[in-house]
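The analysis underlying the following values was restricted to heavy atoms, covering all of them including side chains, and did not include hydrogens, waters or symmetry mates. Throughout, protein chains are lettered first and strands after them, A, B, ... in sequence-line order, and every chain is numbered starting at 1.
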Amino acid sequence: MKIAVCVKQVPDSWAEKKMMGGVLDRQGVDAVLNDLDEYAIEEALRIVEAHGGNGEAGANSVTVISMGPERTADAVRKALSMGADAAIIVTDPALAGSDALATSKVLAKVIEEGNFDLVFCGTESTDARMSVVPAMIAQRLTWAQLTFAGSVVVDAATKTATITRVTEAGIDTMKAQFPAVISVVEKINEPRYPSFKGIMAAKKKPVEIKNLASLGIEPSLVGTAGAWSVVDDATPRPPKAAGIKIVDDGNGGKALVDFLVEKKLI
Amino acid sequence: MSEVFILAQFVGEKIAKTTAELATCGAGIGNVTAIVLAPPGSGSALASQITFGSISKVIVIESADFAHFGVAASAQAIAHVVNEHKPSALLITSSAFGKEVAGCVAILTNSGLITDAVDVSSDLVATQVIFGGSSTVHSRVTHGCAIITLRPNSFSPDAAVGSPEIITANITISDSAKLAEVVSSQPPLAEGRPELTEAQIIVSGGRGTNGDFSAVETFADLLGAAVGASRAATDAGWYPHSHQVGQTGKTVSPQLYVACGISGAIQHRAGMQTSKTVVVINKDPDAPIFELADFGVVGDLFAVLPQASEGVKARKS
Ligand SMILES: Cc1cc2nc3c(=O)[nH]c(=O)nc-3n(C[C@H](O)[C@H](O)[C@H](O)COP(=O)(O)OP(=O)(O)OC[C@H]3O[C@@H](n4cnc5c(N)ncnc54)[C@H](O)[C@@H]3O)c2cc1C
Ligand SMILES: Nc1ncnc2c1ncn2[C@@H]1O[C@H](COP(=O)(O)O)[C@@H](O)[C@H]1O
C-alpha cells in the first residue's frame, strides 16, 4: 500500500501571529509541524507497518508531501523522524499567498504523479483553520473522500477503506474503494515521538524538491496572483478590557448572579 | 439587486436555526433563494418550514444520494444550481459538512471561498475573526460566486414571516460523486438541551469538575444553556466528545460562556474566544482563562456554582 501524507508547517500555536500586507507573516514566528498532521502520519505509519512496510518507494511505504516556503523542510524532517520513508516538498516563490483552491491544486498534482492508494491529511491546519483542503484534494482528483475519520480500517485485498466520520452531525460509517483521501481527527491515535534512531535515519531519507515548473503549473494560477479571494485589511483587535475578578469569600456565587443580572444575561 | 443563495440546513426533519441566520445575512446583500437538499418524498415537508420573510424562493432537490454519499453528492447538486443561476453569493453554515461542501462547490464552480465569516456586508466584504480572536480581517471573493461559510450565532434571525415560491429541480448525481458511501449513520443523542453551536448560553466544565458534571448541568439547566466540555473532560470520558469546545471540538460564540474548572489552553480558547461575555470559575488565580473573563471568580466550582444556582432559582420564584 502506497500512502501519502499531506503535512503543513504552521506558526507555533503559542506564538503571536501577525498579518503583513494581507497574508500571514510566516517569517517572524517559530514554525512547527501542524500538530493535527501528526495524527495523520501516525495512522499512515500504523497501516503500512501492519502490512510489512518495506521502505522508500516500496510497495508499502509512506511519503510525506508538503507545500510551503523552503524552511518547510524542518516540518518534513520531523515526519521522516517519526518513520515516514520519503518526502516531496513543493516550494516556489510564486506560491506565497496561495488560498485553499491553489493549495489543493498543487497537492493534487503531486499526488496524481505518485501512484498512491491512499492520502492522509489532518482535519485542520492550525493557522488557516479552514478544514477544506482534504475534501478539495479529493474533489480535484475525483477520489473518494473519507474525512473526519475517528477510526480507519483498510483491507488491502479488496482495496477498500472504512472509516467512522465523527462530526457535529453525528457518527457515520463510510466506505470506499482506493484511491481515497482520508483526514483524521485527533482522537484517532497517540502519535509517536521520533526516536533517536528515527532522527538519525531521517537524515538519509530521500527528499525531493519540486517547484511549479517541474509540476507544470502556471505560476499565475497560484499564490497571491491566482488567489480568488483578497484580504482588504487585517487589524489586531483591541485587547479585551480587563474584567472583574473577585476571590470567593463565601459569596462568589451570589456575586456571579448579580453580574449576570446587571448585564441582562438572565 | 444581487441574487444570494443559501443552503438550508435541517436537524433531522426540523429546520435549523442557522438557516434563519443565513437568510438574515443574505437579506442584507440581495434577493435570497434557499436550496433544500431532501430525501425523496420529503422535499415539500422540509421546504414548508422555510417561512422567513427574508427568503423569496426555495429550490428543492430530492435525491437519496445526499444521505448515501454526503459531501460529494451535496456539493455536486449545489454546484449545478449555482452554475445555472449564477448568484453573486452562496452562504453556507460553518460546520464540518458545510465547509467541505463549500470547498467542493468552489472547485466545481470556479469560485473563491471564505470560511468562518462572522459578518458579510452588502457589497460582499466578509469579516473574519482569526488567530483565536486576536485579529479582525476583511476579505472579498474576486472570482466567480462568492462562497462564504458563516459561523453559527453570528446573526440574530429576523422574525418577519413570508411564503416563498417553491420550485423543484431535478438533478441526477453522477457516479463521480458516489465514490464514498455512508454505510450507517448515528445522529448525535438528543438530550433536551440546546445544541452547542446554536445556544445563547453555554456552561462548560473541565478537569476541575473531576468527573462530576452535576453542578455544571444544574446551572446550565437553570439558564436554559447548553453544556460544553474541555478536551481534558472528554478525553477522560466524563462527557461526550460531541460536547468538546475548542480547536478540535466545536467553535462557539454564545452571548454568555461560563468556564468552570477550565485552565484556558490555547486550543480551548480557539473554540470560544468570540463569545460575547465570558464568566470564569477557577481556583487558580493565575489560570490563563482569566485573561478572557469579563467576570471571574477565584474559587471552588463546587461551592460557587451551587450558590449561583440557588441565586438564579431565588430570582425565578
Ligand atoms: C492537537 C490538540 C488539540 C486539542 N484540542 C482541544 C480542544 O478542542 N478543546 C480543548 O478544550 N482542549 C484541546 N486540547 C487540549 C488542551 O491543550 C488542554 O490540555 C485542555 O484544554 C485542558 O483542559 P482543562 O482546562 O479542563 O484542564 P486543565 O488544564 O488541567 O485545567 C483544569 C483547571 O481546573 C481548575 N480547577 C481544578 N479544580 C477546581 C475546582 N474544584 N474548582 C475550580 N477550578 C478548579 C484548575 O485550577 C485548572 O485551571 C488540544 C490539545 C492538542 C495537543
Ligand atoms: N500547504 C500544505 N501542504 C501540505 N498539506 C497541507 C497544506 N495545507 C493544508 N494541508 C493539509 O490539509 C489539512 C487541512 O488543512 P486546512 O484546510 O488548511 O485547514 C492539513 O491538516 C494538511 O493535512
Side-chain angles (χ1 to χ4, degrees), chain A residues 13-14 17 19 36 99-101 124 126 129-132 135-136 139-140 142-148 166-177 180 185-187 228-237 240 243-248 252-257 259-261 263 265-266, chain B residues 71-72 95-97 99-100 103-104 106-107 111-115 125 131 133-144 176 179-188 197 223 241-242 247-248 250 255-256 266 277 279 290 292-299 303-308 311-312:
Chain A
S13 303
W14 286 101
K17 286 170 234 170
M19 297 288 281
L36 295 175
D99 58 10
L101 286 145
E124 179 176 292
T126 55
R129 299 205 61 198
M130 291 183 77
S131 290
V132 295
M136 289 171 110
Q139 182 70 52
R140 288 200 184 275
T142 322
W143 281 21
Q145 156 177 345
L146 298 172
T147 45
F148 289 87
V166 184
T167 69
E168 55 268 80
I171 300 176
D172 294 337
T173 302
M174 297 188 73
K175 192 175 174 176
Q177 292 280 310
V185 303
E186 109 291 357
K187 299 271 176 199
W228 285 350
S229 53
V230 292
V231 171
D232 287 339
D233 57 73
T235 38
R237 303 226 297 174
K240 208 165 168 163
I244 305 163
K245 186 169 167 187
I246 61 161
V247 176
D248 183 27
K254 286 191 189 121
L256 194 160
V257 175
F259 172 81
L260 297 181
V261 171
K263 292 284 172 197
L265 287 162
I266 51 172
Chain B
V71 171
S95 62
F97 172 82
K99 293 209 271 186
E100 291 190 325
C104 293
I107 289 175
S111 300
L113 167 70
I114 293 172
T115 54
V125 174
F131 305 153
S134 63
S135 295
T136 302
V137 171
H138 293 112
S139 50
R140 275 175 298 124
V141 166
T142 53
H143 197 277
S176 63
L179 300 169
E181 187 189 358
V182 178
V183 186
S184 68
S185 284
Q186 186 189 322
T197 53
L223 300 183
H241 176 56
S242 54
Q247 192 194 320
T248 48
K250 289 179 181 170
Q255 291 297 325
L256 171 62
I266 194 120
T277 302
V279 167
F290 279 113
L292 299 180
D294 296 285
F295 187 86
V297 183
V298 180
V304 178
L305 269 182
Q307 189 179 60
V312 176

### Query
To the nearest 0.5 Å, what is the distance between OG1 (A:Thr173) and CD (B:Gln186)?
8.0 Å

### Query
Which bit of B:Val312 comes within less than 4.5 Å of chain A, counting heavy atoms only: side chain, backbone, both or neither?
both

### Under the ring-ring contact (aromatic ring centres under 6.0 Å, His included) test, residues paired with A:Phe259 that sit two or more places apart
B:Phe295

### Side chain / backbone / both / neither for A:Val185 at chain B, heavy atoms under 4.5 Å
neither

### Summary
Turns out that what part of B:Lys99 lies under 4.5 Å from chain A's heavy atoms comes down to both

### Summary
Applying a strict 4.5 Å limit to non-hydrogen atoms, the region of A:Lys263 in contact with chain B is neither

### Task
Counting only heavy atoms closer than 4.5 Å, note whether A:Leu101 contacts chain B via side chain, backbone, both or neither.
side chain

### Query
What part of A:Ala180 lies closer than 4.5 angstrom to a heavy atom of chain B: side chain, backbone, both or neither?
neither

### Task
Answer with side chain, backbone, both or neither: which region of A:Glu124 has an atom nearer than 4.5 Å to a non-hydrogen atom of chain B?
side chain

## Note on the structure
One should read off an interatomic distance between A:Phe148 CZ and B:Thr248 OG1, to the nearest 0.5 angstrom, of 11.0 Å

### Query
Who pairs with A:Asp232 by salt bridge (charged side-chain N to carboxylate O under 4.0 Å, His left out), at least two apart in sequence or on another chain?
B:Arg140

### Query
Do B:Thr197 and A:Glu168 have a side chain donor and acceptor closer than 3.5 Å?
no

